[in-house]
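As structure tokens, the structure follows; a few thoughts come after it.
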Amino acid sequence: MDHLKHLNEAQKKAVLHSKGALLILAGAGAGKTRVIVHRIAEIIREGTAPQRILAVTFTNKAAREMKERVSHLIKTDLVLSPYDTPRHDPFIGTFHRLSLEIIKTFHGAVGLPARFTIYDRADSTRAMREAITAAGFDPKQLEPRKVISIMSRKKGEAIGQREFQNEHASSYIDEAVGEVWGRYEAILKKEKALDFDDILLTAHWLLTNHLPAREHFQNAWDYIHVDEYQDTNRVQYEIVKLLSERHGNIAAVGDVDQNIYSWRGASIEHIMNFEKAFPNAEIILLTENYRSTKTILSAANDAIAKNVNRRDKELHTKNEDGEKIQVAGFADENEESNFIAREARNLIGKGLRAEDIAVLYRANFQSRVLEEGFLRAGVPYQVLGTRFFERKEVKDALSYLRAALNPDSAADITRAIATPSRGIGKVTLAKIINHQEENLPASAKEKIHLFRQTLSRIAKAIEEKSASEAVYFALTESGMWRLYSEKNAEDAERLENLKELVTVATKYDTLPLGTGIERLIEEAVLQSDQDELEKPASGVKLMTVHAAKGLEFSVVFIAGLEEGLFPHERDGADGVDTEEERRLFYVALTRAKSLVYTTYARTRRIFGTRSENMPSVFITELDPEYRDVVVFPFWNDEIPSIT
């Protein structure tokens, strides 16, 4: 049992549990990834082949970390080392990666080619705008992003277009969405594409309605692990339930207190009712925190204990007491940002790495004034959300690869044909997409022919070259490399990003020819904000609390703790979801290892209007034992109560 000596008793119990259903309630910083990794290794030690094990999570970053740690264990353990080949790897990936595996195996059953296109957000918006216009609506009144949001929520509930239109459309808006949704699906079908939510919904359909697919994948894995189980929506929940029906060996790892995604369909009921879905399940609590100080944990325990809809647990740690939580209030958001930047600069001056500091906020708009504060203070920073794969030149390059693999992808043809410019106008482009080229003049036909030859050569390179070589070939063959060479500083930066794309592609050079490019394209579409942290970048990290989930930092600033902002008051009749907002605050607190600052502004300009604010209930409820008021210009004695 030497391989388990670094685990605590609860962790050992979870690792050694092998048969049947298991729910691991893992508090923040309690070592859940360590448990999953060692549990996979233990199952292999007991005689199960690694490829018979499945683990799914929500972000590429989490999946990569889990893969690396499992691989390290296999390589360093004499018992496991015979399995040290890619052929024997467990399947570890996101829900979308799992769903793509299901779809690609049975793509013919849903009318897709082996190499279908995956829409990114821009593709979906473009197609939705086209669908809205074709249905006779005004995109300014029936806003594309709103329709996509409604569709996304319904797809997450395992509801497709026909079911929505026939059974759920109860208003004029619903009927309009149903009609537009149908036209949107027709566009995807024509372009042989799926959007981000369709990936999950299509995999769910195959497992539910196509017996060969269900039997194949129920027999593919003997053990299933689900990370961040509290974040599953209905379609994800049903996918893992279907996959586990044959053997019942499912281990779900999650934390009710970190359920913060109800707005995108995550249901807290899945983890609350685990024993009903999986009878005779064993429940194990992981409550020893290895990350934070006693003071931070005490404040977090106090905050979350006020929620009613949860499974009772209290985190504890052997770490030191640590510093009190710093509370600071300011006249406005500019003073707040200046203070945060100055404090960050002071911490860096004392030897703390900038990368070990994070500023968390409730809403994206808060980043602008915070950036200004860091610029004034001369402190390097990185804002999560500026994604590498969403840069124009990178999207243009990927469009050549996608169009080469799927010539029916109108979005990629449109994008690629415009960069570099080939003198092909909108009218000619429309005829290309609609296969009406016979009446075009000879000069236009020649331009189209040359463009298609370019795509054909790129398609050939994809099949014959490694992924990175194929990307470089596409960049040179398309003319993009030449376009951005030896020009201004902006072009030089674009060329650097294209070089980085070649570097990113090297990760897939070991895969079979052709497959590497497919995986690169999938990575581009399925990326998350946290994936930006994989690329070396110095500076304090600025991000929303939602984006910070799963991360940890030495010092955390929680900015904008004001009533109406955090806790956030939603537009419309929903008001404030106090329990979810409190879970969000709990997540923010528990990202910190040693020190937390909580700040708020007495007045703040939001969308052009300056408002008067009261400090957040999360500040006023902080026990004086755990807080230290460092800046509070408006009240001399104590933090005012909002009650």
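Nothing here was measured: the structure is a model prediction, and the numbers come from that model.
- What you find for Ile284 and Ala10 is that their closest heavy atoms are CG2-O, 3.7 Å.
- Take Arg591 and apply the side-chain hydrogen bond (donor to acceptor under 3.5 Å, both in side chains) test, not counting sequence neighbours, and it matches Gln258.
- Look at Glu372 and Arg368 and you find a salt bridge, because one of the NZ, NE, NH1 or NH2 atoms lies within 4.0 Å of a carboxylate O, short of that distance.
- Taking 4.0 Å as the cut-off between side-chain N and carboxylate O, Arg583 and Glu580 count as a salt-bridged pair.
- Asp197 and Ser152 are linked by a side-chain donor-acceptor pair at a separation below 3.5 angstrom, with hydrogens and angles left out of the test.
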Q) After noting the C-alpha distance and the side-chain angles of Lys499 and Glu496, does the key distance pass the salt bridge (Lys or Arg N to Asp or Glu O under 4.0 Å) rule? A) CA-CA 5 Å; Lys499 291 177 181 177; Glu496 287 301 314; 3.5 Å; yes

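- The minimum heavy-atom distance linking Ile268 with Val256 is given by the pair CD1-CG1, 3.4 Å.
- Across Ile558 and Ala588, no two heavy atoms sit closer than the pair CD1-CB, 3.6 Å.
- Using a cutoff of 4.0 Å between basic side-chain nitrogens and carboxylate oxygens, Glu579 and Lys306 are not scored as salt-bridged.
- The shortest heavy-atom contact between Val540 and Ala344 is CG2-CB, 4.3 Å.
- Within the 4.5 Å cutoff, the side chain of Pro90 has heavy atoms near those of the Val70 side chain.
- Geometric assessment of Arg34 against the ring of Tyr290 yields a positive cation-pi assignment under the 6.0 Å and 45° thresholds.
- Donor-acceptor pairing under 3.5 Å is lacking for the side chains of Tyr261 and Gln230.
- Evaluation of the ring-ring contact (aromatic ring centres under 6.0 Å, His included) test over residues 610-630, restricted to residues two or more places apart or in two chains, returns Phe566-Phe618, Phe585-Phe618.
- Using a cut-off of 4.0 Å between Lys/Arg side-chain N and Asp/Glu carboxylate O, Asp123 and Arg121 are scored as not salt-bridged.
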inquiry  = Quick one, Asp231 with Lys549, criterion salt bridge (Lys or Arg N to Asp or Glu O under 4.0 Å). Give me CA distance, side-chain angles, the key distance, then yes/no.
reply    = CA-CA 11 Å; Asp231 292 336; Lys549 187 166 170 292; 2.9 Å; yes

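- Taking every heavy atom of both residues into account, Asn307 and Thr578 meet most closely at OD1-O, 4.5 Å.
- Salt-bridge check for Glu157 with Arg153: passed, with a basic side-chain N closer than 4.0 Å to an acidic carboxylate O.
- For the pair Arg627 and Asp623, the salt-bridge criterion is not met [side-chain N within less than 4.0 Å of a carboxylate O].
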Criterion side-chain contact (heavy atoms from CB on, under 4.5 Å) on Phe196 and Leu526, from CA distance to verdict:
CA-CA 8 Å; Phe196 192 74; Leu526 305 181; 3.5 Å; yes

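- Using a 4.0 Å cut-off between a side-chain N of Lys or Arg and a carboxylate O of Asp or Glu, Glu9 and Lys13 do not qualify as a salt bridge.
- Only one option out of Arg610, Arg605, Gln366 pairs with Glu333 in a side chain to side chain donor-acceptor pair (under 3.5 Å); it is Arg610.
- The two residues Ser468 and Ala505 have their closest heavy-atom pair at CA-CB, 3.7 Å.
- Looking at heavy atoms from C-beta onward, Val555 lies out of side-chain contact with Asp356 at the 4.5 angstrom threshold.
- For the pair His225/Thr57, no side-chain contact is recorded, criterion being any heavy-atom separation below 4.5 Å from C-beta on.
- A donor and an acceptor atom, one from each side chain of Asn613 and Arg604, are nowhere located under 3.5 Å apart.
- Residues Glu625 and Lys324 are not paired through a salt bridge, judged by the lack of any N-O separation under 4.0 Å between the basic side chain and the carboxylate.
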task = Verify salt bridge (Lys or Arg N to Asp or Glu O under 4.0 Å) between Glu523 and Arg519, making sure each step is shown before the conclusion.
result = CA-CA 6 Å; Glu523 177 188 349; Arg519 291 293 298 275; over 6 Å; no

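- Two residues are said to be in side-chain contact when any heavy atoms from C-beta on lie closer than 4.5 Å; Tyr381 and Leu542 meet this criterion.
- Residues passing the salt bridge (Lys or Arg N to Asp or Glu O under 4.0 Å) test with Lys350: none are found, sequence neighbours excluded.
- Of the residues Ile348, Asn346, Ile340, the one that meets the side-chain contact (heavy atoms from CB on, under 4.5 Å) test with Val379 is Ile348.
- With respect to Arg602 and Glu612, a salt bridge is recorded, a charged nitrogen being found less than 4.0 Å from a carboxylate O.
- From Glu343, atom CD reaches atom CZ of Phe557 across 5.5 Å, with rounding to the nearest 0.5 Å.
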request  = I would like to know whether Asn259 and Ile271 meet side-chain contact (heavy atoms from CB on, under 4.5 Å); could you show each step before the answer?
outcome  = CA-CA 10 Å; Asn259 172 263; Ile271 195 166; over 6 Å; no

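- Between Asp257 and Arg311 there is no salt bridge, since no side-chain N of the basic residue sits under 4.0 Å from a carboxylate O of the acidic one.
- Note on Lys32 versus Asp255: no salt bridge recorded, every NZ/NE/NH1/NH2 to OD/OE distance being 4.0 Å or above.
- Using a 4.0 Å cut-off between charged nitrogen and carboxylate oxygen, Arg291 and Glu552 count as a salt-bridge pair.
- Proximity of Ser367 to Tyr361: side-chain heavy atoms (C-beta onward) are separated by under 4.5 Å at one or more points.
- In this structure, the side chain of Ser149 does not engage the main chain of Arg145 through any donor-acceptor pair within 3.5 Å.
- Using a 4.0 Å cut-off between charged nitrogen and carboxylate oxygen, Glu621 and Arg582 count as a salt-bridge pair.
- A distance below 6.0 Å separates the ring centres of Phe95 and Phe58.
- Ring-centre distance between Tyr600 and Phe330: not below the 6.0 Å cut-off.
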Evaluate the salt bridge (Lys or Arg N to Asp or Glu O under 4.0 Å) criterion for residues Asp195 and Lys155: first the C-alpha distance (whole Å), next the side-chain angles of each, then the deciding distance (0.1 Å), finally the verdict. CA-CA 11 Å; Asp195 69 18; Lys155 289 177 183 179; 2.9 Å; yes

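- In this structure, the side chains of Ile36 and Arg39 stay at 4.5 Å or more apart for every pair of heavy atoms.
- Ion pairing between a basic and an acidic side chain is recognised when a charged N comes within 4.0 Å of a carboxylate O; Glu320 and Lys294 show no such pairing.
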